[in-house]
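Order of the sequence lines sets the chain letters (A, B, ...), proteins ahead of strands, with each chain counted from 1.
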Protein chains: 2
Amino acid sequence: MPARRGKADDPTTKNAILDAAAALMVDEGYAAVTSRRVAGEAGVNSALVYYYFDTMDGLFIALFRRGADRSFDRLEEVLSSPQPLWDFWEFVHDRSNSARTMEFMALANHRKAIQAEIAEYSRKFRIRELELLSTVLAGYGLDLGQWPAASIVLSLSGISRFSETIAVIERELAALEGPRAPR
Amino acid sequence: MPARRGKADDPTTKNAILDAAAALMVDEGYAAVTSRRVAGEAGVNSALVYYYFDTMDGLFIALFRRGADRSFDRLEEVLSSPQPLWDFWEFVHDRSNSARTMEFMALANHRKAIQAEIAEYSRKFRIRELELLSTVLAGYGLDLGQWPAASIVLSLSGISRFSETIAVIERELAALEGPRAPR
DNA sequence: GTCTATAGCTGGATAGAC
DNA sequence: GTCTATCCAGCTATAGAC
């Protein structure tokens, strides 16, 4: 059996372009993701962007799908963690992840092809998120009526950039799972 | 005393440009806010954008300040409402308002001048928001520890676009204030 | 697969007439 | 204040050589 890994880490030109696009998008926003700049960062010619993705929208959609698949995998891993809420918190709290999400939402606001792609994914993601959190909270013996799970998803997911709230949320987590264990 | 109103509704060219920019930003995203398109919507020449605002960044900052001032005024009005939570909810839940906020945050991600402007404002806004909600909740005799006010601000403010949660939140509001009264 | 070259367009910004 | 005219930069996308 060859030591070949999955496609994700292949050092192909296609992946190099996607990596460059991802970095640009988080650092400077989607408006900075142009064929020339992406190609420059990836160290290839700009015509290759169109060779692999046809259009810039094609590149954005491929980029979104790659990130969405990874997020989904990461979400599933949370369930098997000994401190699932901490893991979940760190997942949604991740800076580059939320920056990425925000850029794609802004992008979707004025690109129809991307809008459809994102709507479908986020619907599935939020459903799974809620299932997962409900399971976890029930495991802690919490019977909080019907809105806490949704509320917690909302609180954790959306506005974690507001630093004042971080301490508050982490205090709640510590009450349930004890202080964050070193990894 | 002349019937002259405040500056806000003046049918000046400057205001027409700001109005056109605001509409474009909400409908098609900040990337659609170009000097030519703004001028076209406002029915004036594109050179006037630079005459009044020097640069496109200048236009964005003026636009943000106008919106921020209005939001602040509207937030204060909530306090004197007979159903402050409902009013607050409708305020943050307002579609064009949250679309506007998202666009500016995305814009701030890659425009330094705008970033500074927004950071300052949103700090002040969130503080006032929390003061207000704490007061209101205390008025309902709720003693919810230290995180509910923050949590409610977060839930209501950020993710109100997730339509699944709207019903849940509105149920909570109805329990406190009764069903929404007709205006 | 990867490159060069280029067509065709749109945008920010300015100069200067009225 | 408002307009016309224009410069220059940067972008998407394609054709075609290697």
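- Remark: S81(B) engages D87(B) in a side-chain hydrogen bond (donor to acceptor under 3.5 Å, both in side chains) (not counting sequence neighbours).
- One atom, CG of L48(A), and another, P of dT4(C), lie 10 Å apart when rounded to the nearest Å.
- The distance from atom CG of N45(B) to atom P of dG12(C) is 14 Å, rounded to the nearest whole Å.
- Using a 4.0 Å heavy-atom criterion, one finds that V44(B) contacts the sugar-phosphate atoms exclusively.
- In this view, E117(B) and R65(B) satisfy the side-chain hydrogen bond (donor to acceptor under 3.5 Å, both in side chains) rule, not counting sequence neighbours.
- When the side-chain nitrogen and oxygen atoms of T13(B) are compared with OP1 and OP2 of dG1(D), none of them lie within a distance under 4.0 Å.
- By the 4.0 Å N-to-carboxylate-O rule, R66(A) lies close enough to D19(A) to be salt-bridged with it.
- Residues passing the side-chain hydrogen bond (donor to acceptor under 3.5 Å, both in side chains) test with D27(A), sequence neighbours excluded: none.
- Among the heavy atoms of the strands lying under 4.0 Å from Y51(A) is at least one base atom, whether or not backbone atoms are also near.
- Judged as a salt bridge (Lys or Arg N to Asp or Glu O under 4.0 Å), and not counting sequence neighbours, E77(A) has no contacts.
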Once each nucleotide of nucleotides 11-18 of chain D is scored for protein heavy atoms under 4.0 Å, what B/S/- sequence comes out, 5' to 3'?
BBBB----
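- Within the structure, the ring-ring contact (aromatic ring centres under 6.0 Å, His included) test picks out the following pairs touching residues 25-54 of chain A (sequence neighbours left out): Y30(A)-H110(A), Y30(A)-Y30(B).
- Using a 4.0 Å heavy-atom criterion, one finds that F53(A) contacts no nucleic acid atom at all.
- For the pair K14(B) NZ and dT2(D) P, the interatomic distance rounds to 12 Å; values are reported in whole Å.
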